[in-house]
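Basis for what follows: all heavy atoms, side chains included, without hydrogens, waters or symmetry-related copies. Along the sequence shown, residues carry numbers from 1.
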Amino acid sequence: MQISPEQVLQALKNVEDPDLKKDLVTLNMIKDLHIVDNLVSFTLELTTPACPMKEMLKNACTNAVKHFVSAEAEVVINVTSRVTQPTNSSSLDNIKNIILVSSGKGGVGKSTVASNLAVVLAKNGAKVGLIDADIYGPSVPTMFDLVNAKPGAEETADGKTKIIPIEKYGIKLLSLGFFADPGQPVPWRGPMASNAVKQLFNDTNWGELDYLIVDLPPGTGDIHITITQSFPISGAVVVTTPQQVALADTHKGLAMFRMPGINIPVLGVIENMSYFTPAELPNNKYYIFGNGGGRKLAERFDVPFLGEIPIIQSISEAGDSGKPVALNQNPVLDVIFGDIASKIAQQISINNAQVANC
């Protein structure tokens, strides 16, 4: 008996996206359905290339067709993605989602997290940009081996000059460090710094981006207020270390995003330098700076805990050499950074769906 498209779509209505709480057909995730005899092929279009449930949804679709339509069906599924965005009212029309990476204090590895998050999302097929807005210590030039690099410029049809970001490892990059002598201090005043950061957003030809990651300065200052009040932010990620001094400052930084007038969704907390595992004792964990502080902070604010990043020498070595560790095939770190990136992309998809349904 010939399998019909209606039968297949009816079967796939039994597969629900666990984050968006609706079936895949209603969410319009099933594309290009073709049926030839017992061969059923279609495209499953996810809301992010970093979807952590990609294989689970693919298997569920196959099982649904075999169970509800025909056990003899041969199911071929092509998985793609179309990253969603919160609204269509963005002043930066070609950028779907802006993600802030922040910390309450310096020295917790915020720039390392931002750089590796950008690398993982780009490796998964997303179009990614990274702004280094840390006026006090821009790290992106070092982490991407671009210390002496200078971005280009182009003139648009209406006579305006646009900055051209530098591309490396599949990521479009801009840093305040590109516009200053690496050896000279730059005494930024508040308005000067805010205007400079705005230019990185408004006066740059970013092209089309799924995610623009912004490495914020530590603390809660002018730059934070300028960015959160000037641009449509999809969410913020907060980086901390386990010790109480860092957690106290991170608490303030996280609370800032909840303030009236800012009100930015917090995508979750990442705990860096969580524990040390010696290479010769891979099953041992030594909690040098304390244990569980980041998780408790996330619970206190009722936001997701995105994961723990251990103290591993190769992370800092990779950053110093200009090749973020997520580029390398380190099995442990691939899983850790991949899981964190997937959770962030997942949280953005959930938030965007909730905004669309309001």
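- In this structure, Asn38 CG and Glu74 CD are separated by 8.5 Å, a value rounded to the nearest 0.5 Å.
- There is no side-chain donor-acceptor pair under 3.5 Å between Glu317 and Ser314.
- In this structure, OH in Tyr169 is found 5.5 Å from NZ in Lys323, a value given to the nearest 0.5 Å.
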Please test Leu176 against Leu200 for side chain to side chain contact (heavy atoms under 4.5 Å, CB included), starting from the C-alpha separation and ending with a verdict.
-> CA-CA 8 Å; Leu176 290 173; Leu200 299 183; 3.8 Å; yes
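- The shortest side-chain heavy-atom distance between Thr80 and Leu44 does not fall under the 4.5 Å cut-off.
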Met256 and His224: side chain to side chain contact (heavy atoms under 4.5 Å, CB included), yes or no, with the steps?
-> CA-CA 9 Å; Met256 175 191 69; His224 303 75; 3.9 Å; yes
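- A search for salt bridge (Lys or Arg N to Asp or Glu O under 4.0 Å) contacts involving Asp132 returns nothing, not counting sequence neighbours.
- Shortest non-hydrogen contact noted between Thr161 and Ala153 is CG2-CB, 4.0 Å.
- Residue Ser349 holds its OG atom at 12.0 Å from CD of Gln85, rounded to the nearest 0.5 Å.
- Under the 4.5 Å side-chain criterion, counting only non-hydrogen atoms from C-beta, Val214 is not in contact with Phe231.
- Within 6.0 Å of the NZ atom in Lys31, the count of heavy atoms belonging to other residues, nucleotides or ligands exceeds 12.
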Apply the test side chain to side chain donor-acceptor pair (under 3.5 Å) to residues Asn97 and Asn352: give CA-CA distance (whole Å), side-chain angles for both, the deciding distance (0.1 Å), then the verdict.
-> CA-CA 9 Å; Asn97 297 284; Asn352 290 350; 3.2 Å; yes
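- Atom OG1 in Thr43 sits 4.5 Å away from atom CG in Asp32 (nearest 0.5 Å).
- A side-chain donor-acceptor contact under 3.5 Å links Thr241 and Gln243.
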I would like to know whether Thr277 and Leu281 meet side chain to side chain contact (heavy atoms under 4.5 Å, CB included); could you show each step before the answer?
-> CA-CA 7 Å; Thr277 296; Leu281 297 169; 5.9 Å; no
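- Tyr211 and Ser234 share no side-chain donor-acceptor pair at under 3.5 Å.
- In terms of heavy-atom proximity, Met273 sits nearest to Gly107 at CE-O, 3.5 Å.
- Ser111 and Asp215 share a side-chain donor-acceptor pair at under 3.5 Å.
- For the pair Leu100 and Ser102, the minimum side-chain heavy-atom distance is 4.5 Å or more.
- Proximity of Ile30 to Leu9: side-chain heavy atoms (C-beta onward) are separated by under 4.5 Å at one or more points.
- Distance CG/Leu46 to SG/Cys51: 5.0 Å, rounded to 0.5 Å.
- At most 12 non-hydrogen atoms from other residues, nucleotides or ligands lie less than 6.0 angstrom from CG of Asp302.
- Cluster membership for Val113 and Val335, using ILVMFWY side-chain heavy atoms within less than 4.5 angstrom, is not shared.
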Given Ile270 and Thr240, is the side chain to side chain contact (heavy atoms under 4.5 Å, CB included) satisfied, shown in steps?
-> CA-CA 6 Å; Ile270 297 171; Thr240 187; over 6 Å; no
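- The minimum heavy-atom distance linking Ala326 with Val119 is given by the pair CB-CG1, 3.7 Å.
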Atom pairs and distances, donor-acceptor, side-chain atoms in residues 11-20, under 3.5 Å, two or more places apart:
residue: Asn14; atom: ND2; partner: Gln10; partner atom: O; Å: 3.4
residue: Asn14; atom: ND2; partner: Ala11; partner atom: O; Å: 3.0
residue: Asp17; atom: OD1; partner: Asp19; partner atom: N; Å: 2.8
residue: Asp17; atom: OD1; partner: Leu20; partner atom: N; Å: 3.0
residue: Asp19; atom: OD1; partner: Gln346; partner atom: NE2; Å: 3.1
residue: Asp19; atom: OD2; partner: Gln346; partner atom: NE2; Å: 2.8

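- Sorted pairs that involve residues 61-70 and meet side-chain hydrogen bond (donor to acceptor under 3.5 Å, both in side chains), not counting sequence neighbours, are lacking altogether.
- Asn78 contributes atom CG, which lies 8.0 Å from atom NZ of Lys58 (distance to the nearest 0.5 angstrom).
- Taking every heavy atom of both residues into account, Gly294 and Leu247 meet most closely at N-CD2, 4.0 Å.
- Taking a cutoff of 4.0 Å between a charged side-chain nitrogen and a carboxylate oxygen, Lys198 and Asp203 do not qualify as a salt bridge.
- Annotation: ring-ring contact (aromatic ring centres under 6.0 Å, His included) contacts of Phe289 (sequence neighbours excluded): none.
- In plain terms, the two heavy atoms of Pro5 and Ile35 that are nearest each other are N-CD1, 3.5 Å.
- At a threshold of 4.5 Å between non-hydrogen side-chain atoms, the residues Ile336 and Pro310 count as touching.
- Across every non-hydrogen atom of Ile98 and Pro232, the tightest pair is CD1-O, 3.7 Å.
- Within the structure, every pair that satisfies the ring-ring contact (aromatic ring centres under 6.0 Å, His included) test and touches residues 239-279, not counting sequence neighbours, is listed here: His251-Phe301, Tyr275-Tyr287.
- Glu154 has no carboxylate O lying under 4.0 Å from a charged side-chain N of Lys162, or vice versa, which leaves the two without a salt bridge.
- Put simply, the side chain of Ile311 reaches to within 4.5 Å of the side chain of Ile288, judged on heavy atoms.
- Few gaps surround CD on Gln2; more than 12 heavy atoms of other groups in view lie less than 6.0 Å from it.
- Of the N and O atoms on the side chains of Thr26 and Asp23, at least one donor lies less than 3.5 Å from an acceptor on the other residue.
- Checked against side chain to side chain donor-acceptor pair (under 3.5 Å), Asp320 has no partners two or more places apart in sequence or in another chain.
- Looking at Leu173 and Pro165, their side chains never come closer than 4.5 Å, going by heavy atoms from C-beta outward.
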